[in-house]
Amino acid sequence: MTTKNIWLAVAAITLAGTAAAQEHYPNRPIRIVIGFPAGGGADNTARLYGDALSRELGQPVLIENKPGAGTTIAADTVAKAAPDGYTLYIATASVMGGDKVLYKNIKYEPSDFIPITRLVSAPLVLAVNKDAGITSVADLIAKAKAKPGALNYSSSGNGVITHLAGVQFSKMTGVQMAHVPYKGGAPSAQAVGAGDVQLTFATAPSIQPMIESGKAVGIAVTSAKRSAAMPQYPTIAEGGVQGYDISAWYGLFAPAKTPQAIVDKLFAASAKVLANPELKKKFMAHGDEVAPSTSQAEFKEFAAREGKIGVDLAMSSGAKLD
């Protein structure tokens with residue numbers, strides 16, 4: 001056998017092995033990385049979805065919380081992971097460009113990720129400390145305009161949706177508020193409950209414990225229409241900020257170069273588990289609505305579009321971080 005034929009045989013064996021590995025995917029535990037600590041909206045989404053996905057695929061799905069630096073630590077971990085379907089990422093639009101605006105030292109690009117499908121979508125809750133003397137969006141605007149910069153709002157990190165919702169609110173109302181980032185939704189919500197900040201734009205799972213304990217009060221949701229999961233709250237638009245519309249969503253991403261056969265299997269498995277009525281009820285109880293993409297291509301377009309909005313808001317914020 002000539003050298004050329006030997007190399008061709010080796011290549012054929014390698015390709016056959018790769019194809020077989022994809023066909024039998026998954027045959028070991030899958031890791032889903034999130035850029036937030038336990039107790040917040042992303043963690044809740046990951047654990048409910050991961051549990052359902054594990055049952056569907058017949059392999060353990062492990063959730064790895066890697067908070068910090070506005071989710072960029074988690075994103076960097078996934079971008080560098082082997083593209084074999086065993087390391088996945090639950091993320092928001094920030095990974096599609098906003099991170100690069102805020103953090104000058106990150107090494108990954110939006111092209112380092114494959115968008116697979118949207119999982120859930122939900123408005124944020126605009127909540128205030130119980131002693132803030134704010135009972136409506138109109139109250140908030142009046143107080144903020146009376147003392148520019150005196151009000152502080154917390155978020156789950158720089159550049160993520162809970163930060164950018166505040167940027168958009170300030171942009172549309174002309175108010176000045178100071179942003180205080182925390183490492184995750186739970187500590188951000190706890191800051192409102194403790195009175196360290198006056199208000200927050202938070203995911204429902206993050207802020208609900210503070211509202212239920214009476215330490216914080218929800219006054220509005222950030223979506224254009226009232227939420228079916230939280231009908232008790234009016235919208236910010238109803239409060240006088242016409243056109244305000246921001247919703248949090250979480251989607252599933254894989255490292256670039258993950259084989260299409262694996263991406264397709266994950267998309268199909270996700271569509272199946274998200275159609276389960278029991279899982280829908282569990283998400284609804286936490287203020288989330290399942291929102292699976294109609295196709296991987298649809299989610300790719302959606303994520304890019306949302307990423308562009310995030311980039312614009314990140315640039316509007318004027319923040320620059322190391």
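Just the heavy atoms: all of them, side chains too, but no hydrogens, waters or symmetry mates, feed the values below.
In terms of hydrophobic clustering, with Ile, Leu, Val, Met, Phe, Trp and Tyr side chains grouped at heavy-atom distances under 4.5 Å, Ile262 and Ile90 are assigned to a common cluster. Follow the hydrophobic side-chain contacts under 4.5 Å out from Leu274 and you reach Ile30 in the same cluster. In the hydrophobic clustering of this structure, Ile211 does not group with Ile134; members are Ile, Leu, Val, Met, Phe, Trp, Tyr whose side-chain heavy atoms approach within less than 4.5 Å, directly or through other members. Under a hydrophobic clustering in which Ile, Leu, Val, Met, Phe, Trp and Tyr are joined whenever their side-chain heavy atoms come within less than 4.5 Å, directly or via other members, Leu279 and Ile34 fall into the same cluster. Linking Ile, Leu, Val, Met, Phe, Trp and Tyr residues whenever their side-chain heavy atoms come within less than 4.5 Å places Leu140 and Leu124 in a single cluster.
Side-chain contact between Gln168 and Ser170: absent, with no pair of heavy atoms (C-beta onward) separated by less than 4.5 Å. Taking 4.5 Å as the limit, some side-chain heavy atom of Asn44 sits within range of a side-chain heavy atom of Asp288. Contact of the Tyr108 side chain with the Thr72 side chain is registered, since non-hydrogen atoms from C-beta on lie closer than 4.5 Å. Taking 4.5 Å as the limit, some side-chain heavy atom of Ile236 sits within range of a side-chain heavy atom of Leu126. Side-chain contact check for Thr45 versus Phe283: some heavy-atom pair is nearer than 4.5 Å. No side-chain heavy atom of Val217 sits under 4.5 Å from any side-chain heavy atom of Thr135. Contact annotation: the side chain of Ile161 approaches that of Ile246 to within less than 4.5 Å [non-hydrogen atoms, C-beta and beyond]. No side-chain heavy atom of His179 sits under 4.5 Å from any side-chain heavy atom of Met177.
Side-chain atoms of Asp43 come within 3.5 Å of backbone atoms of Gly39 as a donor-acceptor pair (strictly under, hydrogens ignored). Here the side chain of Lys265 pairs a donor or acceptor atom with the backbone of Tyr25 at under 3.5 angstrom. Put simply, the side chain of Glu64 never gets that close to the backbone of Val33: no donor and acceptor are under 3.5 Å apart. Not one N or O on the side chain of Asn276 forms a donor-acceptor pair closer than 3.5 Å with the backbone of Val273. Distance alone, capped at 3.5 Å, places no donor-acceptor pair between the Asn129 side chain and the Gln198 backbone. Thr162 places a side-chain N or O within 3.5 Å of a backbone atom of Ser156 that can act as its donor or acceptor partner. At least one donor-acceptor pair under 3.5 Å links the side chain of Thr235 to the backbone N or O of Glu238. Ser213 contributes a side-chain N or O that, together with a main-chain N or O of Pro209, makes up a donor-acceptor pair within less than 3.5 Å. In this structure, the side chain of Asn152 does not engage the main chain of Val197 through any donor-acceptor pair within 3.5 Å. Checked by atom type and distance alone, the side chain of Glu56 never pairs as donor or acceptor with a backbone atom of Ala52 at under 3.5 Å.
Atom NZ of residue Lys272 and atom CG of residue Leu53 lie 11.5 Å apart, to the nearest 0.5 angstrom. The CG atom of Asp112 sits 12.5 Å away from the NZ atom of Lys107 when rounded to the nearest 0.5 Å. For the atom pair OG of Ser94 and CD of Glu306, the computed distance is 11.5 Å after rounding to the nearest 0.5 Å. Put simply, NZ on Lys66 and OG1 on Thr77 are 4.5 Å apart, with the number rounded to the nearest 0.5 Å.
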request  = Go through the steps to decide whether Thr200 and Ser154 satisfy the test side-chain hydrogen bond (donor to acceptor under 3.5 Å, both in side chains), and finish with yes or no.
outcome  = CA-CA 5 Å; Thr200 190; Ser154 65; 3.1 Å; yes
request  = Under the side chain to side chain contact (heavy atoms under 4.5 Å, CB included) rule, what do Leu151 and Leu199 come out as? Steps first, then yes or no, please.
outcome  = CA-CA 8 Å; Leu151 293 181; Leu199 64 139; 4.2 Å; yes
request  = Report the C-alpha distance between Tyr89 and Ile116 in whole Å, list the side-chain angles of each, state the deciding distance to 0.1 Å, and finish with yes or no for side chain to side chain contact (heavy atoms under 4.5 Å, CB included).
outcome  = CA-CA 10 Å; Tyr89 188 33; Ile116 299 176; over 6 Å; no
query = Can you list the steps and then say if Asp76 with Tyr103 is a side-chain hydrogen bond (donor to acceptor under 3.5 Å, both in side chains)?
reply = CA-CA 12 Å; Asp76 188 65; Tyr103 295 88; over 6 Å; no
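Screening Phe113, Tyr250, Phe253 for a ring-ring contact (aromatic ring centres under 6.0 Å, His included) with Phe299, the sole residue that qualifies is Phe253. Checked options Arg28, Arg31, Lys257; the residue passing with Asp84 is Arg28 (criterion: salt bridge (Lys or Arg N to Asp or Glu O under 4.0 Å)).
A cation-pi arrangement is not found for Arg226 relative to Tyr233, the charged atom failing to lie both closer than 6.0 Å to the ring centre and inside a 45° cone about the ring normal.
Salt-bridge formation is detected for the pair Arg118/Glu298: a Lys NZ or Arg NE/NH1/NH2 atom is positioned less than 4.0 Å from an Asp or Glu carboxylate oxygen. Asp139 and Lys143 are not joined by a salt bridge, as no carboxylate oxygen comes within less than 4.0 angstrom of a charged side-chain nitrogen.
Between Phe169 and Phe201, the ring-plane angle classifies as tilted under the 30° and 60° cut-offs.
Here Ile73 is tied to no hydrophobic group at all, with no ILVMFWY side chain closer than 4.5 Å.
Residues that satisfy the side chain to side chain contact (heavy atoms under 4.5 Å, CB included) test with Pro29, not counting sequence neighbours, are Gln59, Pro60, Leu62. Taking the ring-ring contact (aromatic ring centres under 6.0 Å, His included) definition, one finds that Tyr182 meets it with nothing, sequence neighbours left out.
For the residue pair Tyr49 / Ser270, a side-chain donor-acceptor distance below 3.5 Å is found, with atom types taken as modelled.
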